[in-house]
There are 2 protein chains.
Amino acid sequence: MEDRKPVDPPHPARDVTEHVGYRLKRTAAALRGAMDKALREHGLTVPQYACLELLDQQPGLSNAELARGAFVTRQSMNVVLRGLQDAGLIFRPASADHGRALPAHLTAEGRSRLDAARSVVYAIERHMVDTVPQRRLAALLADLDRMAAALGG
Amino acid sequence: MEDRKPVDPPHPARDVTEHVGYRLKRTAAALRGAMDKALREHGLTVPQYACLELLDQQPGLSNAELARGAFVTRQSMNVVLRGLQDAGLIFRPASADHGRALPAHLTAEGRSRLDAARSVVYAIERHMVDTVPQRRLAALLADLDRMAAALGG
DNA sequence: CCGCTTATGTCAAAGTCCTGACATCAAGGA
DNA sequence: TCCTTGATGTCAGGACTTTGACATAAGCGG
């Protein structure tokens, strides 16, 4: 145990840029920026795209459920939904049959717009993921999950 | 039917929540939320804390340099700096001797506030990092770096 | 020396997002 | 039954961030 010569303690690195949190934010910011730039050419924002993607895979999600899925508040998701609805990309019934939750669904145009945007987003993600060794990918996903769970995500 | 065949293709997972980008955003959002809640008790926002941390390790950074380090625009960082300056946590000379960049420095109060906030932030990060197996940590950092670099971060 | 490029700080305007608050609705227990 | 709890949709206000633009200043090559 005393053969350990580095003066700096291994855990709290002296440089913040060495911290996991900093790297995490850095990578997330880079991904957000790349997606933002690519989606702008398709007339979509990142939250809008996330909303469409969620609705494609789980039709009928309510505003609150979409908000949790996109990691924003209900209020923010509400304006996103209004925008998508005004653009004719999604459809919501005027009133709910059960409870207050209004189930949202993609329109035909919404689905085609999503397909177009999906191709560029997937290309970005592919380019990003291809830089990590394939056999580490599962571990990476698991680690991200564990960290999120530890923080109450 | 055969035993447990991988019906879903391994690469473009059908469920967005399986994508690396989604997990990344999820984890980053969880960390941001935890930090936001903890820092609020210290009267600091996350960008303000990031700014103090950067200035502690690299005194004399300019507005633009801090903005790049905190992954925000120069305009946003300018607002952050004004707030920190009004609160007496940082100090900037009124005019620059060389160029237009105004080097910022922590005040004594800024340093003490940072020390207090740092303890809770480090506790959060420690709790998060402790969930990933120690021998994977270096690989995790490397993978995050590679992904950010691939995206031009 | 002069023009060009790059980088910086700043301002104005808009958009985005969150906090706080309120009313509604379903479910469960006293 | 009542009513407490939890979840949802919505509104208003403010805080934060970004986009676009402009003027200034250093570096460089002609």
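Being a predicted model, the structure only gives us computed values, none of them experimental. Lettering of chains follows the sequences in order, A, B, ..., and the numbering in each one begins at 1. For the numbers below, each heavy atom of this structure counts, side chains included, while hydrogens, waters and symmetry mates do not.
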Between side-chain atoms of residues 31-44 of chain B and protein atoms elsewhere (two or more places apart, or another chain), which donor-acceptor pairs fall under 3.5 Å?
residue, atom, partner, partner atom, Å
Asp36(B), OD2, Arg40(B), NH2, 2.9

Could you state the CD-C1' distance from Gln48(B) to dT17(D), rounded to the nearest angstrom?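 Taking atom C1' of dT17(D) as the reference, CD of Gln48(B) is at 14 Å.
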Rounded to the Å, how far apart are Met77(A) CE and dA7(D) P?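 It works out to 19 Å between those atoms.
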So, under a plain 3.5 Å distance rule, would you say the side chain of Gln75(A) forms a donor-acceptor pair with the base of dG20(C)?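 Under the 3.5 Å cut-off, the side chain and the base do form a donor-acceptor pair.
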For [X], check side-chain hydrogen bond (donor to acceptor under 3.5 Å, both in side chains) against everything at least two apart and list the hits.
X	result
Thr107(A)	none
Arg82(B)	none
Arg74(A)	none

Do Ser112(B) and Glu109(B) have side-chain atoms, one donor and one acceptor, less than 3.5 Å apart?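 Absent: no donor and acceptor within the cut-off.
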Taking OP1 and OP2 of dT10(C), is either one under 4.0 Å from a side-chain nitrogen or oxygen of Asn78(B)?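 It does, given that an N or O in the side chain of Asn78(B) lies less than 4.0 Å from OP1 or OP2 of dT10(C).
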Whether Ser76(B) contacts dC16(D) is assessed here as follows: a side-chain N or O lying under 4.0 Å from the phosphate OP1 or OP2. Is that the case?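 Checking Ser76(B) against dC16(D): no side-chain N or O falls below 4.0 Å of OP1 or OP2.
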What parts of residues 30-47 of chain B reach DNA chain D, counting only heavy atoms under 4.0 Å away? Thr45(B), Pro47(B)
The test is side-chain contact (heavy atoms from CB on, under 4.5 Å); show your working for Leu66(A) and Leu81(A) and say whether it passes. CA-CA 9 Å; Leu66(A) 288 168; Leu81(A) 284 178; 3.8 Å; yes
Taking atom CG of Leu52(B) and atom CG of Asp56(B), what is their separation to the nearest 0.5 Å? 8.5 Å
When you measure from the side chain of Glu125(B) to the backbone of Tyr122(B), do you find a donor-acceptor pair of N or O atoms at a distance under 3.5 Å? no
For DNA chain C, which residues of residues 59-74 of chain A approach it to below 4.0 angstrom with any heavy atom? Val72(A), Thr73(A)
